[in-house]
Amino acid sequence: MNLKKTRIVFFVAVCSSLFSCGLPDTAFSIENNDDDTSATLFVEVAASAGLSFTHHNGNHGTYNFPEINGAGGALLDFDNDGDLDVYLVQSGHLPGTGTADNMLPRAANALYRNMLVPSGELIFEDVTAMTGTGNTGYGIGVATGDYDNDGDVDMYVMNVGDNIFYRNDDGVFTDVTDHTGTSIGVWSASGSFADYDQDGDLDLFVANYVDWQADAETPCQNNAGQRDYCAPVNYPALSDHLFRNNGDGTFTDVSKLAGISALSGPGLGVTAADFNADNQIDFYVANDQQANFLWLNRGDGVFVENGLRSGSAYNSRGVAEASMGVTAGDFDGDGDEDLFMTHLSSESNTLYINDGTGNFVDGTETANLGASSMRFTGFGSAWIDYDNDSLLDLFVANGSHMIVAERRNVSDFPYGQSNQLFRNIGGGRFTDMSNNAGPAMSAIEISRGAAFGDIDNDGDVDILVTNNNGPVRLLLNESGHTKHWLRLRLGGTRSPRDAQGARVAVFGRNNSTLWKRVHTDGSYASASDARVLFGLGADAPSDMGVQVQWPSGHTETFGQLQIDREHYLQEGTGSPGPLQNR
């Protein structure tokens with residue numbers, strides 16, 4: 001299939017009522033394809049779909065530390081037309097690292113509008129200028145959420161330097177950083193919007209990295225004695241920030257009051273979830289080569305760091321790893337949030353299994369996730385059900401932080417590695433599908449950020465991958481939509497408008513329950529689709545019972561929802577009921 005010569009056209013469902021958006025019976029086919037080894041699982045279509053963005057890190061042979069980390073991106077429906085648009089973070093020349101600082105044009109972030117709705121064609125249009133989103137800072141990450149509850153998704157962009165808060169007003173963005181009081185001025189990497197105080201609006205957690213200064217950079221060498229980038233331990237770690245939403249368009253920095261600023265760590269990833277089943281939003285921070293943080297919410301505005309006591313600060317050998325990306329999800333179907341961390345080569349990635357009370361066990365080796373990651377350095381990652389069989393799989397974006405010897409003579413920036421896809425085969429075990437997923441997965445690039453969502457609205461999860469010093473990649477899922485699915489978009493009334501933090505349960509046959517949560521955070525420096533997509537397998541009932549535990553604290557049941565379509569669930573329109581057991 002030559003995608004450069006082929007129009008990428010999809011059936012686009014049009015919502016006919018408040019609560020459903022359906023595909024006709026002929027819009028999908030069902031086949032029990034349990035053997036994915038013979039299929040091309042993902043196809044890369046970025047360039048042919050109009051995503052012409054290439055990331056530049058500004059390297060010019062002086063090995064300044066920010067250059068190796070790369071930047072992320074976001075999948076978001078900024079214009080509320082029913083499809084996912086793409087925001088990409090640019091870095092460019094690093095200020096203070098050369099005499100040409102004032103001569104080089106500043107590279108800018110870019111926003112691309114998805115034209116799938118109403119055209120039916122997956123084509124992207126660059127709308128950066130008309131939307132006012134072309135920040136020219138040395139970009140690292142982006143977080144998304146509707147902080148002002150007006151129905152438009154807003155963005156917080158993190159830089160090496162001053163961060164930017166973009167308020168979305170009907171598809172046009174305004175820089176409200178000063179007005180919101182969320183300027184930081186340090187190296188920030190990832191962010192999370194979450195209603196930690198349950199007052200109905202989204203607060204903001206920002207994971208900060210290290211205190212890097214251009215005029216204090218020191219030369220470092222790799223294990224082969226060659227000049228290379230330094231490690232994060234060469235720089236002072238920073239404490240993170242927590243901003244409480246005041247409900248009037250402004251925030252208050254409560255980092256000290258909440259206890260967050262009491263500890264410093266080189267944070268690269270953050271995710272918000274209720275890890276200890278007390279109905280309070282907690283924060284987990286992935287720290288690079290230092291102990292990870294598990295900030296447990298006491299419910300009175302104060303957080304207690306419980307990483308060490310919970311078993312999630314260090315791996316099973318008691319070693320702090322170089323955590324870059326983090327994802328939380330219920331991979332084993334027991335109703336709680338498990339953690340997966342990406343790390344440096346020689347460390348392996350790490351799976352932390354939650355016992356339901358916020359205590360974790362390192363299950364990496366028993367899950368078969370250790371040895372296969374030893375050769376790779378992982379960044380962006382997420383629990384995704386790529387084949388819609390109802391089991392959560394894993395995608396990992398890889399790219400080295402140190403020169404890859406075999407790439408030295410074939411690349412000007414020899415840090416490339418291939419990405420990985422792990423399939424959940426049940427029983428708490430995974431199998432590495434990377435070599436069978438097609439050329440889109442095996443490309444040798446310096447992948448960093450990864451965002452996830454159903455970008456072509458066909459009922460399966462697609463992947464946006466950002467590359468350090470390279471082009472963006474859009475991996476379209478070619479296999480998931482052959483099984484049944486259910487996609488949910490939630491709207492809060494007492495809860496935040498975009499319902500981030502809501503927990504959703506789908507009830508199937510034999511009392512089986514699938515749990516997911518509404519969120520856009522996690523991975524590395526990236527933001528994902530806020531819609532919740534459940535894979536239901538090849539043999540599913542025609543409709544499913546759904547229950548939502550809203551961030552405001554109450555629970556509702558939404559009847560029997562027809563599968564293979566999207567439904568909109570608004571808080572207060574379901575039937576009240578007790579929360580089902582996790």
Side-chain angles (χ1 to χ4, degrees), residues 34 36 41 269 271-277 282 284 286 292 294 310-312 315-316 323 325-343 348-373 378 380-397 420-434 450 452-453 460-461 463 477 480 483 485-486 503-508 512-519 521-524 528-529 532-537 581-582:
D34 290 329
D36 286 326
L41 304 182
T271 190
D274 177 11
F275 291 105
N276 59 348
D282 312 305
Y284 187 86
N292 298 319
L294 175 59
S310 70
S312 63
N315 64 15
S316 60
S323 300
V326 58
T327 180
D330 184 17
F331 90 96
D332 51 5
D334 61 356
D336 53 39
E337 301 285 341
D338 308 297
L339 290 162
F340 179 77
M341 319 293 297
T342 57
H343 297 123
S348 92
N349 299 326
T350 301
L351 169 66
Y352 291 115
I353 302 174
N354 194 339
D355 70 354
T357 67
N359 292 312
F360 295 84
V361 173
D362 184 342
T364 308
E365 295 306 323
T366 57
N368 197 33
L369 290 170
S372 55
S373 62
S381 182
W383 296 108
I384 60 169
D385 182 6
Y386 80 87
D387 53 359
N388 278 354
D389 66 351
S390 79
L391 300 175
L392 289 182
D393 314 298
L394 283 165
F395 172 85
V396 180
Q420 290 177 290
L421 182 69
F422 298 96
R423 187 184 183 206
N424 188 339
I425 58 176
R429 293 181 60 81
F430 292 80
T431 185
D432 190 344
M433 300 294 297
S434 310
F452 306 84
D460 54 29
V461 180
I463 307 173
N477 191 329
K483 296 187 180 74
W485 53 275
L486 181 68
R503 299 184 69 246
V504 186
V506 169
F507 306 110
S512 62
T513 305
L514 301 175
W515 283 100
K516 290 193 176 183
R517 78 186 193 284
V518 179
H519 69 104
D521 62 10
S523 190
Y524 163 76
S528 296
D529 188 358
V532 177
L533 179 61
F534 287 91
L536 303 176
N581 291 331
R582 292 190 176 193

Item to check | Spacing of CG belonging to Leu394 relative to CH2 belonging to Trp383, to within rounding of 0.5 Å | outcome: 4.0 Å

Checklist entry - Does the side-chain contact (heavy atoms from CB on, under 4.5 Å) test come out yes or no for Asn477 and Leu41, once each step is laid out? => result CA-CA 6 Å; Asn477 191 329; Leu41 304 182; 5.8 Å; no

Item to check | Polar side-chain atom of Lys516 near backbone of Leu533 as donor-acceptor pair, under 3.5 Å | outcome: yes

Next on the checklist: If I take atom OG from residue Ser372 and atom CE from residue Met433, how far apart are they, to the nearest 0.5 angstrom?
Outcome noted: 13.0 Å

Checklist entry - Which pair of heavy atoms, one from Met341 and one from Asn349, lies closest together, and at what distance? => result O-CB, 3.2 Å

Checklist entry - Has the side chain of Asn424 got a donor or acceptor atom that lies under 3.5 Å from a matching backbone atom of Leu391? => result no

Next on the checklist: Treating Ser390 as the side-chain partner and Leu536 as the backbone partner, does any N or O pair qualify as donor plus acceptor under 3.5 Å?
Outcome noted: no

Checklist entry - Is a donor on one side and an acceptor on the other found under 3.5 Å between the side chain of Tyr284 and the backbone of Ser312? => result yes

Checklist entry - Would Asn292 and Ser323 count as having a side-chain donor-acceptor pair, cut-off 3.5 Å? => result yes

Item to check | For the student: nearest non-hydrogen atoms of Trp515 and Gly335, plus distance | outcome: CD1-CA, 3.6 Å

Next on the checklist: So does Leu421 get a backbone contact from the side chain of Ser434, meaning a donor-acceptor N/O pair under 3.5 Å?
Outcome noted: yes

Checklist entry - Are the side chain of Ser528 and the backbone N or O of Phe452 linked by a donor-acceptor pair below 3.5 Å? => result yes

Checklist entry - Is a side-chain N or O of Asp393 found less than 3.5 angstrom from the main chain of Tyr386, in a donor-acceptor match? => result yes

Item to check | Stepwise side-chain contact (heavy atoms from CB on, under 4.5 Å) check, Thr271 with Arg517 | outcome: CA-CA 12 Å; Thr271 190; Arg517 78 186 193 284; 2.7 Å; yes

Item to check | Spacing of Phe430 atom CZ and Thr364 atom OG1 [to the nearest 0.5 Å] | outcome: 10.5 Å

Item to check | Straight-line distance of Phe340 CZ to Ser373 OG, nearest 0.5 Å | outcome: 6.5 Å

Next on the checklist: Rounded at 0.5 Å granularity, tell me how far CG in Asp336 sits from CG in Asp355.
Outcome noted: 7.5 Å

Item to check | Candidate pair Ile384 and Leu392, rule side-chain contact (heavy atoms from CB on, under 4.5 Å), full reasoning | outcome: CA-CA 5 Å; Ile384 60 169; Leu392 289 182; over 6 Å; no

Checklist entry - Quick one: does Asp385's side chain have a donor or acceptor within less than 3.5 Å of a partner on Phe534's backbone? => result no

Next on the checklist: Minimum heavy-atom separation for His343 and Ser348, please, with both atom names.
Outcome noted: ND1-O, 3.0 Å

Item to check | Which atom of Thr342 lies closest to which atom of Ser381, heavy atoms considered | outcome: CG2-CB, 3.6 Å

Checklist entry - Within the side chain of Glu337, is there an N or O that forms a donor-acceptor pair under 3.5 Å with the backbone of Thr327? => result no

Item to check | From CG (Asn276) to CG (Asn359), nearest 0.5 Å | outcome: 9.0 Å

Next on the checklist: salt bridge (charged side-chain N to carboxylate O under 4.0 Å, His left out), that's the test. Do Lys483 and Asp389 meet it? Break it down for me.
Outcome noted: CA-CA 7 Å; Lys483 296 187 180 74; Asp389 66 351; over 6 Å; no

Checklist entry - Looking at Ala328 and Leu339, what are the two nearest heavy atoms and their distance? => result CB-CD2, 4.0 Å

Checklist entry - Which pair of heavy atoms, one from Ile425 and one from Thr431, lies closest together, and at what distance? => result CG2-CG2, 3.6 Å

Checklist entry - Can you check whether Thr513 reaches Val506 side chain to side chain, under 4.5 Å on heavy atoms? => result no

Checklist entry - Would you say Asp338's side chain and Asn354's backbone share a donor-acceptor pair under 3.5 angstrom? => result yes

Checklist entry - Can Val326 and Tyr524 be said to form a side-chain contact (heavy atoms from CB on, under 4.5 Å), step by step? => result CA-CA 7 Å; Val326 58; Tyr524 163 76; over 6 Å; no

Checklist entry - Aromatic rings Tyr352 and Phe360: how do their planes relate, parallel, tilted or perpendicular, breaks at 30° and 60°? => result perpendicular

